[in-house]
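Shown next, in structure tokens, is the structure this report addresses.
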2 protein chains.
Amino acid sequence: MATSRANEILPVLEQDIVTGKLTPGTRLDETVLAEKFGVSRTPIREALNRLSTSGLVEIRPRRGAIVAAISVQDLMNMFEVMADLEALCARLAARRITPAEKEALRAAHVDCHALSGTENFDEYYVLNLRLHDLLYKASHNSFLEKQVCELRRRLSPHRRLQVRIPGRILASSNEHGALVKAVIDGDAALAEKLTRNHVAIQGERFTDFLATLPSHYLQASA
Amino acid sequence: MATSRANEILPVLEQDIVTGKLTPGTRLDETVLAEKFGVSRTPIREALNRLSTSGLVEIRPRRGAIVAAISVQDLMNMFEVMADLEALCARLAARRITPAEKEALRAAHVDCHALSGTENFDEYYVLNLRLHDLLYKASHNSFLEKQVCELRRRLSPHRRLQVRIPGRILASSNEHGALVKAVIDGDAALAEKLTRNHVAIQGERFTDFLATLPSHYLQASA
DNA sequence: AATCAAATTCTTGTATACAAAAAATCATTT
DNA sequence: AAATGATTTTTTGTATACAAGAATTTGATT
């Protein structure tokens, strides 16, 4: 698939950043990475350049690359946009979702809901992602889908761990229930509103998110 | 400012694409560009790589780079997202705009409105941009502002010329009037709604936009 | 001992060299 | 003359070499 070395290296590096294996602020030494991947510096530089455009890496001229460190303010801003784009997805999905997609969405919700009683956060995290992915897809706007996914990827390195508040799964799942119903019923306005609340910057979700922030966010700013 | 050659070349290339000097589909030969800029291929490749991530350039493995050619479907998708992000800007601006920004917005509208009677499309284009930029800024969400601007840049190479329909300036300016008032009055819901209509995919604006599309959009797809 | 300056080392950025793949050209065959 | 296949030429992708700017270390001075 990936024909060039750079194209193979890029997703690996990206994954390491997104999953938090490489934390924000970490220096990305070209020579070290080159050795690690068994290539010369050239393809490494290519990958880092691309990552810098997408915002995951920050390149300071003549001073090397680091995993992008962003401020709480930036994070709130990104979350605000994320909520809006997700709401747009829901609105469009309510208008454009196909019967097959309805079925898949229902199934994804059932899977999520099965964990309602439990505190199985890791598994819920995955199933929750899948449900949201289905909503993005159902918007039938591939550009929007790509933007939302990229933004989510960009946010993910900044959650150190998933929210682990008792009862959160149940609450989230109930919100999903209403949202899924609105989308399937074709109620665009309701789907949009429910999504806004679900991801809202004022709501629990974001507070939860802030609560999981590593302490270094409380001081510095890029 | 731009310390490296690549950092100097990137904006030039970007500008050439955005302004339509380099049209979608044009091959970007590394050697030719290297000669033109008086550098080796290395910084050229760096710039092209970065442009590929932001979507202005498409790099096909082993087959070189071209100015990104996108389908009408993609364009409609991007416009749909653009409308939504602009609406978000307006909503946030209505809540967060400062007195100084109100004044600037009013002034920008006055400038726009001065051209209402005329058919001075070129000048109106610039003033219209300025007014919208002020709205982005007034959202006080720098990430959102950046996203909207980038999306606009990405859309711009695909309008061959500005819409030149008689009376369009007057209509646009009137819409601005209502929008500016809503923002200044702090009516977020109205500001959002007016913006949606102003940029709406269903509305005149997008139809105008489609009408200016170069003919090659009518056939192919990437 | 602390601080500042000079020199050294290390790292980034660019150029060049080389290898491999794609495109183009040319010859051969039907 | 058209089509197909082999050969040449271009062009991309990677490695290496080199230059210039940071960072660090060392040494001198207060």
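Residue numbering restarts at 1 for every chain, and letters A, B, ... go by the order of the sequence lines.
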- Task: For B:E119, check side-chain hydrogen bond (donor to acceptor under 3.5 Å, both in side chains) against everything at least two apart and list the hits.
- Result: none
- Task: Using heavy atoms and a sub-4.0 Å distance, could you list which residues of residues 40-47 of chain B are near DNA chain D? By number, please.
- Result: B:R41, B:R45
- Item | Pairing residues for A:K137 by the salt bridge (Lys or Arg N to Asp or Glu O under 4.0 Å) criterion, not counting sequence neighbours | A:E145
- Query: By salt bridge (Lys or Arg N to Asp or Glu O under 4.0 Å), which residues pair with B:R106, not counting sequence neighbours?
  - Reply: B:E103
- Rounded to whole angstroms, how far apart are CG on B:L48 and P on D:dT11? 15 Å
- Who pairs with A:R27 by side-chain contact (heavy atoms from CB on, under 4.5 Å), at least two apart in sequence or on another chain? A:D29, A:I66
- Query: For residues 10-19 of chain A, which residue pairs qualify under side-chain hydrogen bond (donor to acceptor under 3.5 Å, both in side chains), counting only residues two or more places apart or in two chains?
  - Reply: A:E14-A:R153
- Message: Distance under 4.0 Å to a non-hydrogen atom of chain A counts as contact; along DNA chain C, which nucleotides mark the start and end?
- Response: C:dT11 to C:dT14
- Task: For B:R91, enumerate each residue passing the salt bridge (Lys or Arg N to Asp or Glu O under 4.0 Å) test, keeping only those at least two apart in sequence or located in another chain.
- Result: A:D84, B:E192
- Item | For B:H140, ring pair (Phe, Tyr, Trp, His ring centres under 6.0 Å) partners two or more places apart | none
- For A:T23, the side-chain contact (heavy atoms from CB on, under 4.5 Å) test, sequence neighbours excluded, returns A:T26
- Message: Holding to salt bridge (Lys or Arg N to Asp or Glu O under 4.0 Å), I want the full list of residues that pass it with A:R45, two or more places apart in sequence or in another chain.
- Response: A:E30, B:E46
Mind listing the N/O atom pairs, protein and nucleotides 21-25 of chain D, below 3.5 Å?
| from | atom 1 | to | atom 2 | distance (Å) |
| --- | --- | --- | --- | --- |
| D:dA23 | OP1 | A:R63 | NE | 2.6 |
| D:dA23 | OP1 | A:R63 | NH2 | 2.7 |

- Note on the structure: Sorted by position of nearest nucleotide on DNA chain D, 5' first, the leading residue of A:G38 and B:G64 is B:G64
- With no hydrogens and no angle check, do the side chains of B:D74 and B:S71 hold a donor and an acceptor under 3.5 Å apart? yes
